Structures are given as C-alpha cells and as structure tokens.
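Heads up: numbering here begins at 1 and tracks the sequence. Excluded from the calculations below are hydrogen atoms, water molecules and symmetry mates; all remaining heavy atoms, backbone and side chain alike, are included. As the structure is a computational prediction, the values presented were derived from the model and not from experiment.
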Amino acid sequence: MASFKDLKVNPKVCELLKKSGIISPTPVQEKVIPAARTGKDLIVRAKTGTGKTLAFLIPTIERLKKIPVTQALIIAPTRELAMQISKVAAEPAKISEVDSILISGGKDIFEEKNKLRRTPQLIIGTPGRLLDHVKRGTIQLKNVNKIILDEADELLKLGFIEDVENLIRETAGDKQLILCSATMPDRIKQLAAEFMSRPQEIFIEPKTVTLKNIEQIVLKTKQDKKFSRLVELLEKENPYLAIIFCGKKEIVSRLTLELAKKNFSVDELHGDLTQQQRNFVMKKFRDAKIQILVATDIAARGLDIEGITHVISYDIPRDVETYIHRIGRTGRAGKTGIAITLVTPEETEKLRRIESGIKKQISVRRPETKHPRRKQFKITGKNSVNKNISEKNVGNKKLTGKQIRAKKSAARNFSGKKK
C-alpha cells in the first residue's frame, strides 16, 4: 500500500494528516492525487466516506500559484458540505500559503464581497451564491482553470445543474474539470460530454460497507404508531447526542415541536433556516446544550460532530447512499454508535434495497410486549411450592395460617401430587 510520502505529498501536509490520524491514503486518494496532477479532466465515481475530499484538495492546492488571482473553484451542493470542504482545506492551504474563502449563502453578502477583494486563489461555495457574485461582478472567474464539482448527482437532485453550467462557462477556456459523483445519471453524463475533454474515469469498486463501529437496527412500526415508538425509543436509549433524520422539512418542524412538548431537549435543522440560525443550532448541538437534533438530509450533509451516539431515521432514506451518509454521523473517531431505522410495512421494499446495497441484513428489533403482572405459583417441586406459599405476605395481603395451608394443598393437587 502506498503512503502519502510515496504520492509525493508535501511533507508538512503528511505530518498534518498524521496528527489527524490519517496515516495511509484511501484507494480513491491513491488514484486521484497523481491523476489530478496531470491536469486531465477526471470523472471520479466513489461512495460517501471514501476520502474523496482530500483526494481532490491536495493536488488542487499544491498546484496553485501564489499570486492574487482566483485559479480554482470547488462547487458543493449544500452550505454544510461547502463548509466542511472549507474546513478540511484550511490547514493544507495555510501550509501552501494559499488563500481560500468560503462563499455559501446565508451570510452577509457584503462581508463576502470584502473577502473577495483580496482575490483568493481558491474559492469554495454553493452554486446560487457563487452565481450571484458573478452577476454582481464581485467574482472574476476568467482565470479559473481548475474546477471541482463535488457530489454532482446531488447538485442534479437539488436542481443546480444549470447554475453550475453557467459558472463553468465563466471560467477559462483551457481548464481542468474534476467531477465527483456516487452515481452517473444521464444529465451528469451530458454535462461531462459538453465540458470535459477525454476525461479519465476513476471508479472505486464499492465493497461491503464497513461500518463495524455502528450497530444497525430496524424498528418495525405502523405509520400511526411511529411517533409513540420514537418517544419510547428515546426514553429507553437516552442518547447523549442524537440526530433524527426526516424526509421533509415540514416533518422536521412538526416532530421538533411534538418532542419539545414531551420535554426532550431538541432543536431543528433544515434548508429554510438562515445561516445564522443554523450556526446557532449547530453550536448548541456541538456543545451538548441540546440532546437531539431533528434534521433533513440536505441540511445535515457534511455534518461532522464528535459525540453523536445515536442516528435515528424517522423516515426511511430514499437510497443506499443517503442511508450510509446518515448512519456515518455516528461511530466516528473509533467510537461506537447506534443507527436505528423506523420502517412501516409499506416501506419494506425500500429496506430490502438498502440491505442489498450494503450487502448486509439489518437486525430487527421487535416491539416489547407489555403484559399485566400476574401472581403465579411455582409448581416444579415440593420445596418451591412450599417456599412460595409460605410467605405470609402475598400481594401485600397478610394470610392466616389456615389460608396458607389451604393454598399449599391446592398447589400440590395442581402439580399432580397427592395430599
């Protein structure tokens, strides 16, 4: 197996990675880092969690010239993912004396304009806000010759492809385009055909998903019982920090309100919140000032928070990639975690598709059946019969000696023994 040193990564960056616990490159890093240095267009097909962020950041940053000209653009589908990429890029950029900034909506656009005046070499952002700056004339992309589209299939799902195409058209004619995507829908293939020149394809064969630190559980329920099952689950598990994923922001808001009524420490995270609101909620969650975060998949993309013990899918994920992304929020940094998915009878087929994708049958936790407590006498032997009935206090009611003798006699008869 190659090392980062073998890949000729800056020794200072190697040391930085080592301090972060990253010793050896992942398969995608081993293939993408040298390929990206050639300047070729690349199509990188790899699942979430394979390390592709560092795979494209390392060669991109090391090839930037130390002049006040914007030369590289990284486009991400959501603010959270853009923030995560920016966070990963910060230290390697500092080592290489590269100026990078984040442009991701929800922030003061005039503050972003001030940052852009210093003409950073690397810009990381979301399509809508980047295009807004282009229209305002506050971003000049004519010298950008390195473009990375991260999670291109997600950009497509969220309706950003046209914005992305408009941004690419603003860049230099002679450019390198790196397209990272877990899947390759036809629309993404069209984009590649229009803007890429004989791209090299790097495909990381998906193996059985290794999430050994995460206990995966399916909790079967009915739609009208789902909320009560969730409440029972939270009371039983009592998580330190938990994320509950929902399919729609309306469900997120309703669920947050209902859980708050039950006195749970909870808040919500979804696309309708301003960036300031999101930052406030995330700080509370990171600081464990709230125990439960209810979120949509879009809002939660890119979350990397230590201490999350439980991930609960209130709504079953739409596909395998989303499932992996969700449960990967727990069991991080060598710690264990629990991922629980609530599944109704109508969602059984979706569950089968997820199990097929991860090549694993997820264990099912059966609902606990509650029975009323009943008084019973043991009848497996004379000593046990005598011992149980000899107690003077049965059901908190004191018996007379005559009543005890009568019960012993009845028990012997029941057990097939003669008086």
Side-chain angles (χ1 to χ4, degrees), residues 1-67 70-76 81 84-98 100 121-124 143-153 168 171-184 188-189 191-193 195-207 210:
M1 180 183 289
S3 65
F4 284 106
K5 184 178 179 181
D6 295 332
L7 295 176
K8 297 182 173 53
V9 174
N10 184 327
K12 291 183 179 179
V13 175
C14 290
E15 188 62 31
L16 172 69
L17 295 173
K18 187 177 179 181
K19 286 180 181 178
S20 302
I22 304 171
I23 309 299
S24 302
T26 64
V28 72
Q29 290 163 0
E30 196 171 340
K31 291 183 178 182
V32 170
I33 290 173
R37 286 180 179 139
T38 66
K40 292 180 181 178
D41 289 342
L42 301 179
I43 295 175
V44 181
R45 290 185 60 190
K47 303 287 185 183
T48 300
T50 53
K52 62 183 185 307
T53 302
L54 275 175
F56 62 69
L57 275 175
I58 289 173
T60 299
I61 289 173
E62 70 183 18
R63 293 167 60 226
L64 295 175
K65 297 176 182 177
K66 299 177 182 63
I67 56 175
T70 301
Q71 304 156 51
L73 181 66
I74 299 175
I75 305 173
L81 184 56
Q84 185 65 23
I85 295 170
S86 179
K87 184 179 176 182
V88 175
E91 287 302 317
K94 186 177 179 181
I95 289 170
S96 298
E97 298 178 10
V98 164
S100 69
Q121 288 100 345
L122 171 63
I123 295 177
I124 302 162
N143 294 311
V144 169
N145 58 7
K146 300 171 192 64
I147 305 164
I148 295 97
L149 306 184
D150 195 15
E151 300 199 8
D153 48 357
I168 294 174
T171 60
D174 183 17
K175 55 181 168 285
Q176 177 188 39
L177 180 58
I178 299 176
L179 191 155
C180 300
S181 188
T183 60
M184 284 295 290
I188 299 299
K189 291 178 182 176
L191 183 146
F195 294 103
M196 304 180 94
S197 173
R198 290 182 294 177
Q200 177 182 342
E201 294 194 37
I202 296 174
F203 177 53
I204 304 302
E205 185 70 34
K207 299 177 182 178
T210 52

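By the 4.5 Å heavy-atom criterion applied to side chains, Asn145 and Asp174 are not counted as neighbours. Taking the side chain as every heavy atom from C-beta outward, Ile204 and Lys31 approach each other to under 4.5 Å. The side-chain heavy atoms of Met184 and Ile43, taken from C-beta on, include a pair separated by under 4.5 Å. The closest side-chain heavy-atom distance from Leu149 to Leu191 is below 4.5 Å.
Remark: of the listed residues Ile202, Val32, Asp150, Asp150 is the sole one forming a side-chain contact (heavy atoms from CB on, under 4.5 Å) with Lys52. For the side-chain contact (heavy atoms from CB on, under 4.5 Å) criterion with Asp41, the lone passing option out of Met196, Glu201, Arg198 is Met196.
In this structure, NZ in Lys146 is found 13.0 Å from CG in Leu177, a value given to the nearest 0.5 Å.
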Assess whether side chain to side chain contact (heavy atoms under 4.5 Å, CB included) is satisfied between Lys175 and Ile168, documenting all intermediate values. CA-CA 10 Å; Lys175 55 181 168 285; Ile168 294 174; 3.6 Å; yes

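Side-chain atoms of Thr38 come within 3.5 Å of backbone N or O of Lys40 as a donor-acceptor pair. A donor-acceptor contact shorter than 3.5 Å links the side chain of Ser181 to the backbone of Asp153.
Lys94 meets the side-chain contact (heavy atoms from CB on, under 4.5 Å) test with Glu91; sequence neighbours excluded. Annotation: side-chain contact (heavy atoms from CB on, under 4.5 Å) contacts of Lys66 (sequence neighbours excluded): Glu97.
Residues Gln29 and Pro25 come closest through the heavy atom pair OE1-CA, 3.2 Å. Closest approach of Ala76 and Ile85 over heavy atoms only: CB-CD1, 4.1 Å.
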Using distance only, find each side-chain donor-acceptor pair of residues 54-65 under 3.5 Å and give its atom names and separation, not counting sequence neighbours.
residue: Thr60; atom: OG1; partner: Phe56; partner atom: O; Å: 2.6
residue: Glu62; atom: OE1; partner: Arg37; partner atom: NH2; Å: 3.4
residue: Glu62; atom: OE2; partner: Arg37; partner atom: NE; Å: 2.3
residue: Glu62; atom: OE2; partner: Arg37; partner atom: NH2; Å: 3.2
residue: Arg63; atom: NH1; partner: Ala36; partner atom: O; Å: 3.2
residue: Arg63; atom: NH1; partner: Gln176; partner atom: OE1; Å: 2.9

